[in-house]
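Okay, structure first, notes after.
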Number of protein chains: 2
Amino acid sequence: MRGTACEAARETVCEGADGEEALDIFAQRCPSRVMFAELVDKWSMLILMSLAACGPQRFSELQRAVGGVSRKMLTQSLRTLERDGLVRRTVYPETPPRVVYGLLPLGAELAELLAPLGRWTEQHTEQMIAARKAFDQAHTDG
Amino acid sequence: MRGTACEAARETVCEGADGEEALDIFAQRCPSRVMFAELVDKWSMLILMSLAACGPQRFSELQRAVGGVSRKMLTQSLRTLERDGLVRRTVYPETPPRVVYGLLPLGAELAELLAPLGRWTEQHTEQMIAARKAFDQAHTDG
DNA sequence: CCGAATCCTACATGATACTG
DNA sequence: CAGTATCATGTAGGATTCGG
(Lines give C-alpha, C1' and ligand atoms only; values in the text may rest on other atoms or scores of the structure.)
Protein backbone atom coordinates (compact mmCIF):
# COMPACT_ATOMS: atom_id res chain seq x y z
CA MET A 1 0.00 0.00 0.00
CA ARG A 2 3.03 2.24 -0.12
CA GLY A 3 2.59 3.26 3.47
CA THR A 4 -0.39 5.00 4.94
CA ALA A 5 -0.30 8.39 3.29
CA CYS A 6 -0.17 7.95 -0.43
CA GLU A 7 0.12 11.62 -1.06
CA ALA A 8 2.85 12.01 1.53
CA ALA A 9 6.38 13.12 0.95
CA ARG A 10 7.45 10.96 -1.93
CA GLU A 11 10.64 12.89 -2.35
CA THR A 12 12.23 11.02 0.51
CA VAL A 13 15.75 10.29 -0.56
CA CYS A 14 14.55 6.72 -0.58
CA GLU A 15 16.93 5.58 2.13
CA GLY A 16 16.36 6.90 5.62
CA ALA A 17 19.31 7.22 7.98
CA ASP A 18 17.91 4.62 10.34
CA GLY A 19 14.66 3.22 9.04
CA GLU A 20 14.88 0.35 6.59
CA GLU A 21 12.26 -0.67 4.00
CA ALA A 22 12.87 2.68 2.42
CA LEU A 23 13.47 1.32 -1.06
CA ASP A 24 10.70 2.65 -3.25
CA ILE A 25 10.29 2.18 -6.98
CA PHE A 26 8.16 5.32 -7.09
CA ALA A 27 11.03 7.49 -5.92
CA GLN A 28 12.85 8.97 -8.83
CA ARG A 29 16.40 8.51 -7.62
CA CYS A 30 15.98 5.33 -5.63
CA PRO A 31 18.17 2.37 -6.60
CA SER A 32 15.00 0.32 -6.71
CA ARG A 33 13.58 2.58 -9.34
CA VAL A 34 16.73 2.30 -11.39
CA MET A 35 16.64 -1.48 -11.15
CA PHE A 36 12.94 -1.49 -11.96
CA ALA A 37 13.48 0.58 -15.05
CA GLU A 38 16.13 -1.86 -16.18
CA LEU A 39 14.10 -4.96 -15.45
CA VAL A 40 10.98 -3.87 -17.31
CA ASP A 41 12.77 -4.11 -20.60
CA LYS A 42 11.08 -5.90 -23.46
CA TRP A 43 14.03 -8.08 -24.42
CA SER A 44 15.17 -8.86 -20.89
CA MET A 45 11.71 -9.99 -19.89
CA LEU A 46 11.26 -12.16 -22.97
CA ILE A 47 14.67 -13.72 -22.42
CA LEU A 48 13.88 -14.57 -18.82
CA MET A 49 10.51 -16.00 -19.83
CA SER A 50 12.05 -18.10 -22.56
CA LEU A 51 14.70 -19.48 -20.23
CA ALA A 52 12.05 -20.27 -17.65
CA ALA A 53 9.79 -21.97 -20.16
CA CYS A 54 12.37 -23.93 -22.12
CA GLY A 55 15.28 -24.28 -19.75
CA PRO A 56 18.91 -23.35 -20.49
CA GLN A 57 19.50 -22.34 -24.06
CA ARG A 58 22.33 -21.44 -26.36
CA PHE A 59 22.81 -17.98 -27.78
CA SER A 60 21.43 -18.89 -31.17
CA GLU A 61 18.51 -20.77 -29.66
CA LEU A 62 17.59 -17.72 -27.67
CA GLN A 63 17.79 -15.56 -30.71
CA ARG A 64 15.36 -17.82 -32.49
CA ALA A 65 13.10 -18.08 -29.45
CA VAL A 66 12.84 -14.34 -28.91
CA GLY A 67 11.47 -13.22 -32.24
CA GLY A 68 13.00 -10.12 -33.67
CA VAL A 69 15.88 -9.67 -31.25
CA SER A 70 19.16 -8.65 -32.83
CA ARG A 71 22.47 -10.18 -31.81
CA LYS A 72 23.45 -6.86 -30.36
CA MET A 73 20.42 -6.47 -28.14
CA LEU A 74 20.52 -10.12 -27.15
CA THR A 75 24.14 -9.82 -26.09
CA GLN A 76 23.54 -6.57 -24.30
CA SER A 77 20.48 -7.81 -22.44
CA LEU A 78 22.16 -11.06 -21.46
CA ARG A 79 25.14 -9.14 -20.12
CA THR A 80 22.94 -7.02 -17.92
CA LEU A 81 21.02 -10.02 -16.67
CA GLU A 82 24.27 -11.81 -15.95
CA ARG A 83 25.70 -8.78 -14.20
CA ASP A 84 22.69 -8.47 -11.92
CA GLY A 85 22.88 -12.12 -10.94
CA LEU A 86 19.76 -13.27 -12.76
CA VAL A 87 21.36 -15.38 -15.47
CA ARG A 88 24.38 -17.64 -15.59
CA ARG A 89 26.60 -17.86 -18.62
CA THR A 90 28.46 -21.13 -19.20
CA VAL A 91 31.10 -21.54 -21.87
CA TYR A 92 32.06 -24.98 -23.13
CA PRO A 93 35.48 -24.59 -24.72
CA GLU A 94 34.82 -26.67 -27.77
CA THR A 95 35.27 -25.76 -31.39
CA PRO A 96 33.10 -24.18 -32.39
CA PRO A 97 32.47 -22.76 -28.93
CA ARG A 98 29.21 -23.50 -27.20
CA VAL A 99 27.70 -21.00 -24.78
CA VAL A 100 24.67 -21.81 -22.68
CA TYR A 101 22.56 -19.42 -20.69
CA GLY A 102 20.47 -20.52 -17.75
CA LEU A 103 18.49 -18.97 -14.93
CA LEU A 104 20.04 -18.42 -11.53
CA PRO A 105 17.68 -18.65 -8.54
CA LEU A 106 17.14 -14.91 -8.60
CA GLY A 107 16.22 -14.96 -12.26
CA ALA A 108 13.94 -17.95 -11.81
CA GLU A 109 12.09 -16.10 -9.06
CA LEU A 110 11.59 -13.09 -11.26
CA ALA A 111 10.56 -15.19 -14.22
CA GLU A 112 7.75 -16.68 -12.16
CA LEU A 113 6.28 -13.21 -11.81
CA LEU A 114 6.75 -12.49 -15.48
CA ALA A 115 4.96 -15.55 -16.83
CA PRO A 116 1.50 -14.41 -15.65
CA LEU A 117 2.12 -11.07 -17.25
CA GLY A 118 2.86 -12.73 -20.57
CA ARG A 119 -0.18 -14.98 -20.38
CA TRP A 120 -2.40 -12.08 -19.41
CA THR A 121 -1.20 -10.08 -22.37
CA GLU A 122 -1.94 -12.88 -24.81
CA GLN A 123 -5.37 -13.46 -23.31
CA HIS A 124 -6.41 -9.81 -23.36
CA THR A 125 -4.80 -8.60 -26.53
CA GLU A 126 -7.99 -8.79 -28.56
CA GLN A 127 -9.93 -6.98 -25.88
CA MET A 128 -7.40 -4.16 -25.80
CA ILE A 129 -7.34 -3.93 -29.56
CA ALA A 130 -11.12 -3.68 -29.56
CA ALA A 131 -11.01 -0.95 -26.94
CA ARG A 132 -8.47 0.90 -28.99
CA LYS A 133 -10.57 0.66 -32.10
CA ALA A 134 -13.60 1.98 -30.25
CA PHE A 135 -11.56 4.80 -28.75
CA ASP A 136 -10.18 5.81 -32.11
CA GLN A 137 -13.60 5.80 -33.72
CA ALA A 138 -15.09 7.88 -30.94
CA HIS A 139 -12.36 10.44 -31.55
CA THR A 140 -12.64 10.52 -35.31
CA ASP A 141 -14.72 13.68 -35.07
CA GLY A 142 -11.78 15.86 -34.19
CA MET B 1 4.97 -23.85 -21.58
CA ARG B 2 4.66 -22.32 -25.01
CA GLY B 3 3.44 -25.54 -26.54
CA THR B 4 5.34 -28.78 -26.62
CA ALA B 5 8.24 -28.02 -28.89
CA CYS B 6 10.01 -24.95 -27.69
CA GLU B 7 12.35 -24.91 -30.62
CA ALA B 8 9.52 -25.39 -33.06
CA ALA B 9 8.50 -23.01 -35.75
CA ARG B 10 8.25 -19.74 -33.91
CA GLU B 11 7.80 -17.86 -37.14
CA THR B 12 4.16 -18.80 -37.26
CA VAL B 13 2.35 -15.71 -38.39
CA CYS B 14 0.87 -15.86 -34.92
CA GLU B 15 -2.66 -16.28 -36.14
CA GLY B 16 -3.56 -19.57 -37.77
CA ALA B 17 -6.34 -19.61 -40.32
CA ASP B 18 -8.45 -21.88 -38.18
CA GLY B 19 -6.68 -22.64 -34.92
CA GLU B 20 -7.07 -20.18 -32.08
CA GLU B 21 -4.71 -19.67 -29.13
CA ALA B 22 -2.16 -18.53 -31.67
CA LEU B 23 -1.36 -15.25 -29.97
CA ASP B 24 2.25 -15.42 -28.88
CA ILE B 25 4.29 -12.66 -27.30
CA PHE B 26 7.45 -14.34 -28.56
CA ALA B 27 6.43 -13.91 -32.18
CA GLN B 28 7.88 -10.76 -33.62
CA ARG B 29 4.89 -9.54 -35.56
CA CYS B 30 2.12 -10.84 -33.33
CA PRO B 31 -0.35 -8.29 -31.96
CA SER B 32 0.31 -9.76 -28.54
CA ARG B 33 3.96 -8.88 -28.85
CA VAL B 34 3.11 -5.36 -29.84
CA MET B 35 0.78 -5.00 -26.89
CA PHE B 36 3.35 -6.58 -24.60
CA ALA B 37 6.01 -4.15 -25.72
CA GLU B 38 3.66 -1.29 -24.97
CA LEU B 39 2.59 -2.57 -21.58
CA VAL B 40 6.07 -3.15 -20.22
CA ASP B 41 6.74 0.56 -20.19
CA LYS B 42 8.25 2.09 -17.10
CA TRP B 43 5.80 4.96 -16.79
CA SER B 44 2.70 2.99 -17.73
CA MET B 45 3.46 0.32 -15.17
CA LEU B 46 4.14 2.83 -12.40
CA ILE B 47 0.94 4.68 -13.23
CA LEU B 48 -1.12 1.52 -13.06
CA MET B 49 0.51 0.53 -9.79
CA SER B 50 -0.08 3.94 -8.29
CA LEU B 51 -3.73 3.92 -9.28
CA ALA B 52 -4.11 0.44 -7.85
CA ALA B 53 -2.42 1.34 -4.60
CA CYS B 54 -3.98 4.75 -3.97
CA GLY B 55 -7.21 4.67 -5.94
CA PRO B 56 -8.34 7.25 -8.51
CA GLN B 57 -6.08 10.26 -8.72
CA ARG B 58 -5.90 13.61 -10.39
CA PHE B 59 -3.33 14.45 -13.00
CA SER B 60 -1.15 16.43 -10.64
CA GLU B 61 -1.45 13.82 -7.94
CA LEU B 62 -0.22 11.20 -10.33
CA GLN B 63 2.67 13.37 -11.36
CA ARG B 64 3.71 13.69 -7.74
CA ALA B 65 3.16 10.00 -7.08
CA VAL B 66 5.23 8.81 -10.01
CA GLY B 67 8.56 10.41 -9.25
CA GLY B 68 10.32 11.97 -12.19
CA VAL B 69 7.58 11.70 -14.77
CA SER B 70 7.16 14.74 -16.98
CA ARG B 71 3.78 16.14 -17.90
CA LYS B 72 4.38 15.07 -21.45
CA MET B 73 5.14 11.46 -20.65
CA LEU B 74 2.35 11.30 -18.10
CA THR B 75 -0.15 12.59 -20.62
CA GLN B 76 1.13 10.28 -23.31
CA SER B 77 1.12 7.19 -21.11
CA LEU B 78 -2.33 7.96 -19.75
CA ARG B 79 -3.66 8.38 -23.30
CA THR B 80 -2.35 4.98 -24.31
CA LEU B 81 -3.74 3.35 -21.18
CA GLU B 82 -7.07 5.01 -21.79
CA ARG B 83 -7.08 3.98 -25.41
CA ASP B 84 -6.43 0.36 -24.57
CA GLY B 85 -9.27 0.28 -22.07
CA LEU B 86 -7.14 0.04 -18.94
CA VAL B 87 -7.79 3.47 -17.50
CA ARG B 88 -10.83 5.74 -17.37
CA ARG B 89 -10.54 9.49 -17.65
CA THR B 90 -13.22 11.58 -15.97
CA VAL B 91 -13.50 15.31 -16.43
CA TYR B 92 -15.39 17.48 -13.96
CA PRO B 93 -16.23 20.69 -15.77
CA GLU B 94 -15.39 23.05 -12.97
CA THR B 95 -13.05 25.98 -12.87
CA PRO B 96 -10.29 25.21 -12.54
CA PRO B 97 -10.95 21.92 -14.30
CA ARG B 98 -10.57 18.68 -12.40
CA VAL B 99 -9.61 15.48 -14.15
CA VAL B 100 -9.52 12.15 -12.39
CA TYR B 101 -7.99 8.95 -13.62
CA GLY B 102 -9.07 5.57 -12.35
CA LEU B 103 -8.57 1.93 -13.19
CA LEU B 104 -11.04 0.09 -15.37
CA PRO B 105 -11.49 -3.63 -14.65
CA LEU B 106 -8.93 -4.51 -17.28
CA GLY B 107 -6.37 -2.17 -15.76
CA ALA B 108 -7.08 -3.39 -12.26
CA GLU B 109 -6.46 -6.95 -13.40
CA LEU B 110 -3.16 -6.04 -14.91
CA ALA B 111 -2.15 -3.97 -11.91
CA GLU B 112 -2.57 -7.02 -9.70
CA LEU B 113 0.13 -8.74 -11.71
CA LEU B 114 2.35 -5.69 -11.57
CA ALA B 115 2.32 -5.21 -7.82
CA PRO B 116 4.33 -8.37 -7.07
CA LEU B 117 6.84 -7.27 -9.65
CA GLY B 118 7.30 -3.96 -7.88
CA ARG B 119 7.62 -5.55 -4.47
CA TRP B 120 10.07 -8.12 -5.76
CA THR B 121 12.23 -5.39 -7.23
CA GLU B 122 12.34 -3.46 -3.98
CA GLN B 123 13.14 -6.60 -1.99
CA HIS B 124 15.94 -7.77 -4.25
CA THR B 125 17.51 -4.51 -5.30
CA GLU B 126 20.36 -4.77 -2.82
CA GLN B 127 21.05 -8.33 -3.86
CA MET B 128 21.24 -7.35 -7.51
CA ILE B 129 23.46 -4.38 -6.75
CA ALA B 130 25.77 -6.69 -4.83
CA ALA B 131 25.87 -9.12 -7.72
CA ARG B 132 26.65 -6.30 -10.06
CA LYS B 133 29.48 -5.06 -7.89
CA ALA B 134 30.95 -8.56 -7.71
CA PHE B 135 30.62 -8.97 -11.45
CA ASP B 136 32.31 -5.68 -12.18
CA GLN B 137 35.17 -6.46 -9.83
CA ALA B 138 35.69 -9.88 -11.36
CA HIS B 139 35.98 -8.23 -14.75
CA THR B 140 38.31 -5.46 -13.70
CA ASP B 141 41.22 -7.53 -14.90
CA GLY B 142 40.24 -7.16 -18.46
C1' DC C 1 29.27 -20.29 -33.40
C1' DC C 2 29.47 -16.38 -30.25
C1' DG C 3 30.26 -12.41 -29.74
C1' DA C 4 32.86 -7.18 -29.92
C1' DA C 5 33.34 -2.87 -32.25
C1' DT C 6 31.70 0.77 -35.31
C1' DC C 7 28.68 3.59 -37.55
C1' DC C 8 24.37 5.69 -38.17
C1' DT C 9 19.41 6.78 -37.86
C1' DA C 10 14.92 7.17 -35.77
C1' DC C 11 12.51 7.74 -32.12
C1' DA C 12 11.81 8.59 -27.14
C1' DT C 13 12.15 11.95 -23.90
C1' DG C 14 13.13 16.38 -21.62
C1' DA C 15 12.73 21.49 -21.69
C1' DT C 16 10.17 25.31 -22.68
C1' DA C 17 6.43 28.14 -23.80
C1' DC C 18 1.53 28.60 -24.83
C1' DT C 19 -3.82 27.57 -24.21
C1' DG C 20 -8.62 26.70 -22.42
C1' DC D 1 -5.31 22.83 -13.26
C1' DA D 2 -4.64 20.07 -17.11
C1' DG D 3 -3.02 19.73 -20.85
C1' DT D 4 -0.88 20.90 -26.12
C1' DA D 5 2.76 22.38 -29.33
C1' DT D 6 7.33 23.00 -30.65
C1' DC D 7 12.04 22.35 -30.55
C1' DA D 8 16.42 20.19 -29.10
C1' DT D 9 18.99 15.98 -28.17
C1' DG D 10 20.56 11.65 -26.31
C1' DT D 11 20.41 7.25 -26.92
C1' DA D 12 18.26 2.89 -28.00
C1' DG D 13 18.81 -0.13 -31.34
C1' DG D 14 19.54 -1.89 -36.35
C1' DA D 15 23.03 -2.95 -40.00
C1' DT D 16 27.45 -4.17 -40.88
C1' DT D 17 31.97 -5.75 -40.25
C1' DC D 18 35.65 -8.05 -37.77
C1' DG D 19 37.70 -11.38 -34.32
C1' DG D 20 38.43 -15.65 -31.31
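Lettering of chains follows the sequences in order, A, B, ..., and the numbering in each one begins at 1.
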Phosphate OP1/OP2 of dG3(C): any Arg89(A) side-chain N/O under 4.0 Å: yes

Euclidean distance, atom CG of residue Leu78(A) to atom P of dG3(C) [Å, nearest integer]: 8 Å

Closest to side chain of Thr75(A), choosing from dG3(D), dT13(C), dG3(C): dG3(C)

Sugar-phosphate only, base, or nothing, as touched by Arg58(A) at under 4.0 Å among non-hydrogen atoms: sugar-phosphate

Nearest-Å distance for atom pair NE2/P, residues His139(A) and dT4(D): 11 Å

Proximal nucleotide (of dT4(D), dA2(D), dG3(C)) relative to the Arg79(B) side chain: dT4(D)

Touch class at under 4.0 angstrom, heavy-atom based, for Tyr101(B) against every strand present: sugar-phosphate

Distance below 4.0 Å between Ser70(B) side-chain N/O and dA15(C) OP1 or OP2: no

Gap between atoms NZ and C1', on Lys72(B) and dA15(C) respectively (whole Å): 9 Å

Contact check, side chains of Leu46(B) and Val69(B), non-hydrogen atoms, under 4.5 Å: no

Hydrophobic cluster membership, Val34(B) vs Trp120(A), 4.5 Å side-chain cutoff: no

d(CD, Gln76(A); P, dA15(D)) in whole Å: 15 Å

Nucleotide dT11(D), atom C1' - distance to CG of Asp41(A) in whole Å: 14 Å

Rounded interatomic separation in angstrom, taking NZ from Lys42(B) and P from dT13(C): 7 Å

Heavy-atom check, side chain of Arg33(B) versus side chain of Val66(A), under 4.5 Å: yes

Within-4.5 Å side-chain heavy-atom neighbours: Glu109(A) and Leu113(A): no

Out of dG3(D), dT13(C), dG13(D), whichever nucleotide has its closest atom nearest the side chain of Met73(B): dT13(C)

Proximal nucleotide (of dT6(D), dG14(D), dC1(D)) relative to the Pro96(B) side chain: dC1(D)

Under 4.0 angstrom between Arg71(A) side-chain N/O and dA15(D) OP1 or OP2: no

Value in whole Å for how far the C1' atom of dT13(C) lies from CG of Leu74(B): 14 Å

Protein-nucleotide distance (Glu94(B), atom CD; dG20(C), atom C1'), rounded to Å: 15 Å

ILVMFWY cluster, Val100(A) and Leu104(A) together (side-chain gap under 4.5 Å): no

